[in-house]
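All remarks here apply to the structure that follows.
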2 protein chains.
Amino acid sequence: MSGSGQMAESTSGDQKQASVSGGKKSGDKGLDAIYQSVSDAIIEHRLKPGARLREDALADVFGVSRTGIRKVLQRLALEQLVTLTPRRGASVTRPSVDEAKDVFEARLLVECALMEAAAKRITEADVEDLRNMASQEQKALRNREQQTAIKLSAAFHARLAELSGNRTLAGFVSQLCSRSSLILAVYGHSGHLGCESHDHENLIDLLATGEGVRAGEFMARHLKSIESSLSIFEEPEETPDLRDIFALND
Amino acid sequence: MSGSGQMAESTSGDQKQASVSGGKKSGDKGLDAIYQSVSDAIIEHRLKPGARLREDALADVFGVSRTGIRKVLQRLALEQLVTLTPRRGASVTRPSVDEAKDVFEARLLVECALMEAAAKRITEADVEDLRNMASQEQKALRNREQQTAIKLSAAFHARLAELSGNRTLAGFVSQLCSRSSLILAVYGHSGHLGCESHDHENLIDLLATGEGVRAGEFMARHLKSIESSLSIFEEPEETPDLRDIFALND
DNA sequence: CGCAGACATAACGTATACAATAACCGACAG
DNA sequence: CTGTCGGTTATTGTATACGTTATGTCTGCG
């Protein structure tokens with residue numbers, strides 16, 4: 001999915017405006033696709049934390065100019081997936097220990113609270129969809145496709161949050177899940193994914209039976225178990241530590 | 001509105017304003033200052049919802065080229081303060097009824113929960129600072145400077161969230177407060193500001209005495225009273241409503 | 001032989017130029 | 001008089017070019 005995925009701007013001729021009542025916001029031509037590709041690559045750990053993302057290289061790969069790449073990079077930076085250093089370019093964010101703690105604290109607070117609303121609003125189709133996602137995730141895990149599993153797990157949690165009907169909070173959770181994927185990459189043990197057990201299936205069961213409170217409690221345990229499975233140690237190598245170490249004023 | 005000095009980031013130096021084309025010795029871009037100016041103007045309702053933000057006009061006003069303006073606009077768009085319509089440019093977001101509901105629901109969930117952590121971590125200096133902010137807000141209200149009061153109110157809530165120590169959630173609350181300011185502009189009664197009473201002072205008292213739970217409950221009442229003071233009615237004029245009205249499938 | 005300073009290179013930041021598209025207005029026909 | 005079609009204009013989207021800065025290397029001097 002990387003590389004291709006941009007519509008060719010060949011003269012389509014009779015592309016009249018049938019968009020009076022058609023597309024939602026399909027204005028972004030190929031930039032959204034590029035964003036998705038890069039985002040997926042980061043979430044799937046194909047781009048590891050600390051990897052440098054040169055604008056020229058990305059522009060070359062995706063066949064657009066640096067202008068578009070900069071837009072994508074900026075969006076990723078606002079979502080905290082990449083870090084933009086003033087004169088040094090972009091790199092995949094390496095979450096700090098504090099960031100990791102904050103992210104999981106936020107998830108604990110928001111995702112659990114959202115379960116009650118989700119339980120009230122969930123439909124049969126939603127349950128079907130969620131079971132499908134969970135099954136795909138399990139399959140990926142069995143096939144040792146950790147990258148895919150991580151992405152699917154994040155998508156599952158994001159989908160869950162969407163059920164609440166609150167788009168604002170759902171978007172926030174989606175961001176948190178993406179960042180969690182980065183945290184997994186840095187502080188997680190290789191070969192030991194967070195959502196390894198059948199927690200997601202259990203979660204679906206609770207929601208399907210309308211047990212919102214129980215689902216929230218279960219989600220709390222689920223997230224705590226993920227967090228505790230991480231080995232959050234202070235990293236010896238942190239670039240801006242120098243000032244701290246030597247107590248130099250800025 | 002041009003040339004309003006903002007707080008300088010601690011990262012590297014300070015930049016007064018965007019200088020004319022030529023040597024920018026500051027190196028670091030002054031785009032953050034432009035962002036702050038536009039953001040403040042929106043939050044203070046000097047730019048009202050629906051107002052169009054032409055790139056050329058902004059570029060001319062701030063003395064930079066459209067490139068920088070686009071970056072600022074995009075950031076504002078990701079924070080939902082401006083809406084970017086594909087070929088029509090940027091305009092100040094006019095929050096829908098659903099958005100307003102979502103935002104206040106999110107604030108209710110997050111801000112209240114954060115009060116407990118804030119009560120545990122608050123320091124004397126924080127209390128001093130908060131009282132100062134609340135006093136400024138009251139002064140602005142007495143002087144009928146609604147614009148300033150609205151901005152200060154949003155800043156107060158954002159500052160409160162910062163006390164929790166969770167930067168991720170604090171940033172989220174800050175966004176929600178900015179959006180709330182927009183909601184106030186659309187659905188609030190003129191001459192009747194949300195945080196009119198002395199709720200903020202009471203909130204500080206509760207936090208200063210370590211009553212986190214009480215503070216959370218008070219915050220809940222506070223936010224609900226703001227929300228209920230709004231007149232959230234269905235807007236008769238919503239561009240995409242046509243599909244809804246005529247039940248045209250997409 | 002080691003360090004320091006300068007130069008070259010490469011990557012980012014900004015501006016400008018070009019192209020595409022949608023809105024607006026005028027003209028013409030029914 | 002009205003509706004529709006075509007042209008014009010204005011504004012955004014994209015690309016490219018240029019300037020700035022940081023980094024790495026090379027050379028000269030101690």
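Here is the naming used below: chain letters follow the sequence lines, and residue numbers restart at 1 for every chain.
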For A:G63 and B:D56, find the nucleotide of DNA chain D closest to each by heavy atoms; which residue's nucleotide sits nearer the 5' end?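 Nearer the 5' end of the strand: B:D56.
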Find the distance between OG (B:S174) and CZ (B:R179) and round it off to the nearest 0.5 Å.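 Rounded to the nearest 0.5 Å, the OG-CZ separation comes out at 12.5 Å.
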What's the separation between atom CE in B:M133 and atom OG in B:S153, rounded to the nearest 0.5 Å?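 Atom-to-atom, B:M133:CE and B:S153:OG are 9.5 Å apart.
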Nearest-angstrom distance from the residue atom [atom1] of [X] to [atom2] of [N]:
X: B:D60; N: D:dT12; atom1: CG; atom2: P; result: 13 Å
X: B:E55; N: C:dT14; atom1: CD; atom2: C1'; result: 15 Å
X: A:F62; N: D:dA15; atom1: CZ; atom2: P; result: 14 Å
X: B:D32; N: C:dG13; atom1: CG; atom2: C1'; result: 14 Å
X: A:L84; N: C:dT14; atom1: CG; atom2: P; result: 11 Å
X: B:R54; N: C:dA23; atom1: CZ; atom2: C1'; result: 13 Å
X: A:I69; N: C:dG13; atom1: CD1; atom2: P; result: 14 Å
X: B:L73; N: D:dT11; atom1: CG; atom2: P; result: 14 Å

Touch check for B:R88, heavy atoms < 4.0 angstrom, all strands: base, sugar-phosphate only, or nothing?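 Sugar-phosphate contact only.
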Identify whether any heavy atom of B:R66 sits under 4.0 Å from a base atom; if not, whether one sits that close to sugar-phosphate; answer base, sugar-phosphate or nothing.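 Base, at least one base atom sits under 4.0 Å.
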Is it true that B:T93 and B:T83 share a donor-acceptor pair across their side chains at a distance under 3.5 Å?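 There is such a pair (donor and acceptor under 3.5 Å, judged by atom type) between the side chains of B:T83 and B:T93.
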Would you call B:R75 and B:D32 a salt bridge, taking side-chain N to carboxylate O under 4.0 Å as the test?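 Yes, charged N to carboxylate O under 4.0 Å.
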So that I can tick it off, tell me whether A:D40 and A:R46 are bridged by a salt bridge, with the cut-off set at under 4.0 angstrom between side-chain N and carboxylate O.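 A salt bridge is absent here (no side-chain N lies under 4.0 Å from a carboxylate O).
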When you measure from the side chain of A:R70, which nucleotide among C:dA15, C:dG13, C:dA11 comes out closest?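 Of all the options, the side chain of A:R70 is nearest to C:dG13.
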Considering heavy-atom distances to DNA chain C, does A:G89 or A:T67 have its closest nucleotide positioned more toward the 5' end?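 Mapping each residue to its closest nucleotide by heavy atoms, the 5'-most match is A:G89.
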Is the base of C:dT21 touched by the side chain of B:R87 through a donor-acceptor pair closer than 3.5 angstrom?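 In this structure, the two groups form no donor-acceptor pair.
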Strictly below 4.0 Å: does B:K71 bring a side-chain N or O up to OP1 or OP2 of C:dT14?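 For B:K71, the contact criterion (side-chain N or O under 4.0 Å from OP1 or OP2 of C:dT14) is met.
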